[in-house]
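Predicted model only: the values in this text are computed from it and were never measured. Counting convention: from 1, in listed order, for ligands and their atoms alike.
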Amino acid sequence: MGVAFRVRRIAPDDAERLRSVRLAALADAPGSFWQTLADESARPGEDWRARALRNSAGDAHTTFLLERDGAPTGMVDVYQPSLAPEFRELAAMWVAPAVRGMGAAGVLLDAAVGWARTVSAVGVRLWVVPTNMAAVRIYARHGFEPVGSPEPDTDDPAGKVYMPMLLRLDMEEAASPTFMARALAPWTDESG
Ligand SMILES: CC(C)(COP(=O)(O)OP(=O)(O)OC[C@H]1O[C@@H](n2cnc3c(N)ncnc32)[C@H](O)[C@@H]1OP(=O)(O)O)[C@@H](O)C(=O)NCCC(=O)NCCS
């Protein structure tokens with residue numbers, strides 16, 4: 001396609017880039033995310049600096065930024081859910097409208113899942129609005145399967161419903177009778 005994308009792990013000095021890409025995502029696609037533009041806009045600079053620093057290193061949390069010609073044009077977060085610490089949770093996936101349909105989401109997903117493998121996660125889970133077919137199809141193409149049944153998320157400020165999807169990474173663990181219950185441990189908002 002001739003479009004050069006670069007995906008890289010966030011660095012400590014990326015706080016402003018993270019803020020701009022995340023606020024752009026929430027403004028563009030409020031129907032896709034639990035967090036709201038109002039809440040995230042109100043976060044002080046210190047929060048964004050702490051988040052960029054935390055996600056730049058270590059095994060628990062990360063962010064990958066998608067860049068085109070050096071400008072941030074998409075992102076994905078991956079973090080360790082405290083109630084399911086052997087898993088990683090994928091969140092905040094977004095590709096700017098101008099560069100959609102070019103496979104950028106797949107590049108971000110490959111980076112996120114590759115990172116989860118390197119930190120020895122047994123699986124990657126996510127929550128997607130089930131009518132968001134572009135997203136559901138990409139996740140399915142990358143091996144994520146719908147699990148459980150969509151349940152109304154009463155914590156969502158807008159009352160949206162999310163469907164859990166799961167990518168099994170450790171097949172031995174996945175055969176354990178407790179695997180699915182652990183994978184579906186309740187969602188808590190630890191992305192920020
Ligand atoms: C979902 C999303 C990340 C996909 O990113 P992407 O880089 O466009 O992904 P792809 O290039 O693989 O294209 C995905 C689909 O959109 C279609 N598409 C093509 N051009 C498009 C365009 N201009 N705008 C939207 N979708 C387009 C593709 O053909 C493809 O369809 P398919 O699934 O039938 O093959 C992106 O649409 C997005 O950021 N949406 C808003 C935020 C969101 O919903 N995030 C997911 C939260 S769980």
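In this structure, the side chains of Pro130 and Trp127 stay at 4.5 Å or more apart for every pair of heavy atoms. With contacts defined as side-chain heavy-atom distances shorter than 4.5 Å, the pair Val122/Glu172 does not qualify. Side-chain contact check for Leu169 versus Val124: some heavy-atom pair is nearer than 4.5 Å. No side-chain heavy atom of Arg6 sits less than 4.5 Å from a side-chain heavy atom of Val107.
Contacts of Ala105 with ligand 1, taken as heavy-atom pairs under 4.0 Å, involve both backbone and side chain. Contacts between Val129 and ligand 1 below 4.0 angstrom, taking non-hydrogen atoms only, are absent altogether. Contacts between Arg141 and ligand 1 below 4.0 angstrom, taking non-hydrogen atoms only, involve the side chain exclusively. Under 4.0 angstrom from ligand 1, the non-hydrogen atoms of Val95 come from both its backbone and its side chain. When non-hydrogen atoms are compared, ligand 1 lies under 4.0 Å from neither the backbone nor the side chain of Tyr162. Here Arg100 has heavy atoms under 4.0 Å from ligand 1 in both its backbone and its side chain. Contacts with ligand 1 closer than 4.0 Å are made by no heavy atom of Met133, backbone or side chain.
Nearest protein neighbour of atom 15 (C) of ligand 1, counting heavy atoms only, is Ala134 CB, 4.1 Å. Nearest non-hydrogen protein atom to atom 4 (C) of ligand 1 is Ile138 CD1, 3.3 Å. For atom 48 (S) of ligand 1, the closest non-hydrogen atom of the protein is Tyr139 OH, 3.2 Å. For atom 10 (P) of ligand 1, the closest non-hydrogen atom on the protein side is Gly103 N, 4.0 Å. Looking at atom 18 (N) of ligand 1, its nearest protein heavy atom turns out to be Gly101 CA, 3.8 Å. Given atom 32 (P) of ligand 1, the protein heavy atom at minimum distance is Arg137 NE, 3.6 Å.
A donor-acceptor contact closer than 3.5 angstrom links the side chains of Thr63 and Asp77. A donor atom on one side chain and an acceptor atom on the other are found under 3.5 Å apart for Arg9 and Thr62.
Annotation: Ala135 places no N or O atom under 3.5 Å from an N or O atom of ligand 1; distance criterion only. Backbone and side-chain nitrogen or oxygen atoms of Met93 are examined, and one is located within less than 3.5 angstrom of a nitrogen or oxygen of ligand 1.
Short contacts between ligand 1 and Ser32, defined as distances under 4.0 Å to a heavy atom of the residue, involve ligand atoms 42 (C), 43 (C), 44 (O). Close approach of ligand 1 to Ala29 (heavy-atom distance below 4.0 Å) involves ligand atoms 41 (C), 42 (C). Less than 4.0 angstrom separates some heavy atom of Ala104 from each of these atoms of ligand 1: 7 (O). The Val128 neighbourhood of ligand 1 comprises atoms 48 (S), with distances under 4.0 Å to a heavy atom of that residue.
The existence of a salt bridge linking Asp14 and Arg19 is excluded, since no basic side-chain nitrogen approaches an acidic carboxylate oxygen closer than 4.0 Å. With respect to Arg22 and Glu16, no salt bridge is recorded, no charged nitrogen being found less than 4.0 Å from a carboxylate O.
At a distance under 4.0 Å, no protein heavy atom can be found next to atom 30 (C) of ligand 1.
Within the structure, ligand 1 lacks Gly106 among the residues with a heavy atom less than 4.0 angstrom away.
Residue Asn132 holds the heavy atom nearest to atom 44 (O) of ligand 1 of all those in Asn132, Val76, Leu108.
Between Phe87 and Phe179, the ring-plane angle classifies as tilted under the 30° and 60° cut-offs.
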